[in-house]
Amino acid sequence: MATLSDDKTIVYLCAPDIEWVRDKDQTILVDKRGQSWSLEGIEAAAWDWLVLGYSYKDMVRFMRVAFENQTPDVAMILSHWHDVGILQAAGDDRVG
Amino acid sequence: MANLMISTLCNQDCPYCFTADYRNLYPLSNRHFLSLADVENRLNFLMRSNIDQARLMGGEPTLHPQFVELVACVRMAGLKVVVFSNGLIPASVLDCLASLPVSECMVLINVSDPQYIHQNISTQQLDTIQRLGTRAMLGFNIYRPDFQLDFLLPIVAETGCRPSIRLGIAHPCLSASNQYIHPNQYVAVGAKIARFARLAASAGVTIEFDCGFVRCMFSEPDWEALCTLKADVGRRCNPILDIDIEGRVMHCYPLAGLGSLPMTADSDAPALRQAFELRVQPYRRAGIFPECSCCSFKAAGECSGGCLSATIRRFRRAPSASLVVPRQGIQQ
């Protein structure tokens with residue numbers, strides 16, 4: 001069961017009804033409200049690790065290995081997904 | 001176009017039947033046939049949608065006990081009659097259809113692959129096709145990669161039916177509880193179709209295609225040959241609108257699992273199609289193959305990316321697990 005976000009942590013969950021498919025050059029996400037997103041490159045990799053159930057810590061470690069020169073910020077990616085509606089934060093009004 | 005289901009009953013049990021999900025979602029009630037009172041509603045729907053033909057299907061539509069009266073209503077409304085049948089048609093219905101002007105009636109008779117039903121096309125089916133003459137057109141649904149088509153040409157020659165054969169690919173229902181051709185088998189299927197199209201052309205028979213074919217299932221030489229033969233390869237996938245006897249409108253039978261819309265007194269086909277298109281639009285970014293979303297044919301509108309039901313089946317649900325992230329990480 002998800003715990004609520006607190007002062008030190010934020011708990012993300014996928015928005016309800018998100019479905020996804022991995023295509024040749026991108027990962028496509030859709031939801032029942034008619035929204036869709038296309039994830040490429042670093043974001044697509046982050047999504048793969050997310051759906052495989054890896055922890056934030058693991059994702060950060062994998063990113064450092066896989067994208068050595070780019071040092072992508074996993075937390076910023078997740079925050080962006082939250083902003084566009086792919087993720088919800090536990091405690092958000094939207095989480096249902 | 002829109003298809004009107006007039007019978008939920010069928011006298012065959014085809015393993016690829018597209019109504020598998022529909023039958024699970026809406027189990028048979030005691031009512032098996034569209035009533036004549038409801039026929040008027042359906043015809044009004046077609047007319048206000050500017051559709052000039054009544055496409056009657058089932059189950060097996062010719063099992064409707066008032067089929068002759070129903071066809072009379074269609075004719076009275078000034079619409080053409082199109083029937084999707086397996087050819088096992090009752091005598092009175094056959095008399096009725098055979099009496100209609102050739103230009104006003106088309107009966108698509110789907111025949112099965114003789115190597116898997118362990119019998120040749122039945123005498124009754126042959127007699128039916130012969131009796132209907134050019135009102136009849138042969139149809140064949142490909143649901144196994146080891147299909148054969150050559151047996152169709154002698155039937156065209158011997159019965160005098162329309163010199164054209166309509167090919168369909170069996171697509172999966174969303175639950176995939178029917179038999180279907182997996183997209184990984186499309187290239188092999190495409191090569192066999194192209195070979196047959198050349199053979200058919202030499203016998204004066206053209207090939208027509210149902211929905212959900214894709215451009216990349218044909219090699220370049222085969223594609224050029226099909227174009228030369230003026231074969232209209234069905235690279236489309238859109239809401240045909242299948243309407244059941246209860247007035248439920250579906251995108252198409254394979255996508256019955258997406259839900260239905262009611263046919264109301266003022267609804268018309270364009271509005272219903274638009275509603276379904278909105279519902280499925282996000283999935284249209286993808287296709288049946290991982291390459292579809294970056295395919296130039298799809299981008300140019302020359303290919304739909306295949307059957308939407310097969311496309312949607314590629315999608316997976318996102319996990320429900322949570323991810324705990326330190327706020328410090330976000331603020332950096």
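Quick note on labels: first sequence line is chain A, next is B, and so on, each numbered from 1.
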Counting only non-hydrogen atoms closer than 4.5 Å, does [X] touch chain B with its backbone (N, CA, C, O), its side chain (CB onward), both, or neither?
X     : answer
A/K32 : side chain
A/R33 : neither
A/I77 : neither
A/W47 : side chain

Contacting region of [X] [heavy-atom separation from chain A under 4.5 Å]:
X      : answer
B/A321 : backbone
B/E291 : both
B/S320 : backbone

Below 4.5 Å, heavy-atom pairs only: which of [options] has the largest tally toward chain B?
options                    : answer
A/D17, A/V74, A/D31, A/V60 : A/D17
A/S38, A/A15, A/S55, A/G53 : A/S38
A/Q26, A/K24, A/R22, A/M59 : A/K24

- prompt: How far does CZ of B/F315 sit from CG of A/L29, to the nearest 0.5 angstrom?
  reply: 8.5 Å
- line: Here the gap from A/S36 atom OG to B/R284 atom CZ, rounded to the nearest 0.5 Å, amounts to 13.0 Å
- prompt: Which pair of non-hydrogen atoms, one from A/I10 and one from B/R327, has the smallest distance, and what is that distance?
  reply: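 Heavy atoms of A/I10 and B/R327 come nearest at CD1-NH1, 4.0 Å.
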task: Work out which heavy atom in B/L323 is nearest to a heavy atom in A/Y56; give both atom names and the distance.
output: CD1-N, 3.4 Å
- prompt: Heavy-atom distance under 4.5 Å between the side chains of A/D23 and B/R285, does that happen here?
  reply: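 Result no, sub-4.5 Å side-chain heavy-atom pair not found.
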query: Any side-chain heavy-atom pair from B/Y283 and A/I28 closer than 4.5 angstrom?
result: no
- prompt: Are more than 12 heavy atoms from other residues, nucleotides or ligands located less than 6.0 Å from atom CZ of B/R317?
  reply: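 Yes, the 6.0 Å shell around CZ holds more than 12 heavy atoms from other groups.
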